[in-house]
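Below: one structure, written as C-alpha cells.
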Protein chains: 2
Amino acid sequence: MSDTHTDVPSVLTAPLPIPVPLEEHRACPVTDVLRRAGDRWSVLIMILLGKRSYRFNELHRSIEGISQRMLTRTLRGLERDGLVSRTVHPSVPPTVEYDLTSLGRTFLGPLSTLADWAVLHDPDIAAARERHDAHSPH
Amino acid sequence: MSDTHTDVPSVLTAPLPIPVPLEEHRACPVTDVLRRAGDRWSVLIMILLGKRSYRFNELHRSIEGISQRMLTRTLRGLERDGLVSRTVHPSVPPTVEYDLTSLGRTFLGPLSTLADWAVLHDPDIAAARERHDAHSPH
DNA sequence: CTGCATCCTCAAAGATACTG
DNA sequence: CAGTATCTTTGAGGATGCAG
C-alpha cells in the first residue's frame, strides 16, 4: 500500500558529486562486492558452504559443470576476501576443508534479500525482455 | 546481540538438488540479476536515475570515464530488463529521456541492503586481502 | 543530440593434461 | 585428494568515425 515512496536511508541515497569521478566508481566497495557475487560460481559456492563445510572434490562433485580450475580460482578469490576459510588437514592423502567465515555468514542476509527480489520479479524481467526483443530489429 | 543464528527464510536456504544441475545455475534468476548489477556501469546509472530523470548526454557528462558505446549498451540492457524506461521526445534535435521504471525502483531496496553491507564491511575485506596477499607467494 | 558500426585489447572463463 | 600449468575461447569494455 505504501510502496509509492520507499525512503530507505542508505549509501545509495547519499548525495553524489556530479560528474561522478573516476576513482569514485573504479574502486567502489559496492561494485567490488557485486562483481564478486556476479561471477559464475561464487554465490553458488557460498550457498553450499552456508549449509555445511565441504572438501574440495566434494564441492567439485556437487556443482555440475564447474572445472577444477574455476573451482580453485573461485575459492581462492573468496578466501582472499575473507568470506571463505580454507583448512588443511595434514593427512595422507591431504584433505582440505572449506567453510564460510563469520564475515561470509553476514553476507548471506543481504544476498538473500537480493536473491528473493530476483526470484520474485523474474517473470517481470522475462516479460520485459520478450517485449523488447519483439520490437527490436534484432 | 542475536546475530549468531540468522534464520532468514529465503530462496537461498531452500534445499538444493546435489549435484546442482547445470540448468539450475546456467539460467538462474539470481545469478542473472547479480551479473547485471555486477557490470561496470548499471548500478551507477540506476543510482543517478533513482534521483531524477536524465537525458543521454546528461548521463554521459555525469559519469566520468564512460564511453558513449558503453552508456548506450548499458542503457539498452537495463531497458531490455524493464528496469529503465526510454522516452523519445520528437523535437529537433531529438531528446531522449531515461527514467527508472516502477520495477527498477523496487530494485533499489535490495540493492541498498547489499550496498550498505559492502560499505560496512569494506575494511574487513581490505584487511583480509592484505593478509592473504602477504602470505601468498605472489 | 543520440546514437550505431567497426576495430581493437584484455581479462574472465573453459578444456585438457599433468603433479605432490 | 587437491590442486597447478598451458592453451584456447569468449565477451566485456574502449576508441574512433559516421549517421539520422
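Looking only at distances, no side-chain donor or acceptor of B:Glu97 sits under 3.5 Å from a matching main-chain atom of B:Thr87. A distance-only check finds a donor-acceptor pair linking the side chain of A:Glu58 to the backbone of A:Arg55 [under 3.5 Å]. The backbone N or O of B:Ser42 sits nowhere less than 3.5 Å from a side-chain atom of B:Arg36 that would complete a donor-acceptor pair.
In this structure, B:Arg35 atom CZ and D:dT10 atom P are separated by 15 Å, rounded to whole Å. Taking atom NE2 on A:His89 and atom P on D:dC1, their separation rounds to 15 Å, with Å as the unit. The nearest whole Å value for the distance from the CZ atom in A:Arg86 to the P atom in D:dC1 is 16 Å. If you take CE of A:Met70 and C1' of D:dT10, they are 13 Å apart, rounded to a whole angstrom. In this entry the distance linking CD1 of B:Ile45 with P of D:dG13 reads 11 Å, nearest Å. Residue B:Glu64 contributes atom CD, which lies 18 Å from atom P of D:dG13 at whole-angstrom precision. Rounded to whole angstrom, the span from the CD atom of A:Glu97 across to the P atom of D:dG3 amounts to 12 Å. Spacing between atom CD1 of B:Ile66 and atom C1' of D:dT16 amounts to 17 Å, rounded to whole angstrom units.
Under 4.0 angstrom from either OP1 or OP2 of D:dG14 there lies at least one side-chain N or O belonging to B:Arg40.
Ion pairing between B:Arg73 and B:Asp39 fails under the 4.0 Å rule for side-chain N and carboxylate O.
Taking the side chain of A:Arg69 as heavy atoms from C-beta on, and the options D:dG13, D:dA5, D:dG3, the nearest nucleotide is D:dA5.
Where B:Arg76 and A:Gln68 each meet DNA chain C at their nearest nucleotide, the meeting point lying more 5' is that of B:Arg76.
Nucleotides of DNA chain C with any atom under 4.0 Å from a heavy atom of chain B span, from 5' to 3', C:dC1 to C:dT6.
Nucleic acid contact class of A:Thr95 (heavy atoms, under 4.0 Å, all strands): sugar-phosphate only.
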Decide side chain to side chain donor-acceptor pair (under 3.5 Å) for B:Ser10 and A:Asp116; before the verdict, give the C-alpha distance in whole Å, the side-chain angles of both, and the deciding distance to 0.1 Å.
CA-CA 6 Å; B:Ser10 155; A:Asp116 290 338; 3.1 Å; yes

When you look at A:Val20 and B:Ile47, which way does the side-chain contact (heavy atoms from CB on, under 4.5 Å) test go after all the steps?
CA-CA 11 Å; A:Val20 185; B:Ile47 291 175; over 6 Å; no

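Of the residues listed (A:Ile45, A:Thr106, A:Leu48, A:Leu108), the one engaging A:Leu100 in a side chain to side chain contact (heavy atoms under 4.5 Å, CB included) is A:Leu108, and it is the only one.
Side-chain N/O atoms of B:Arg73 and base N/O atoms of D:dG13 include no donor-acceptor pair closer than 3.5 Å.
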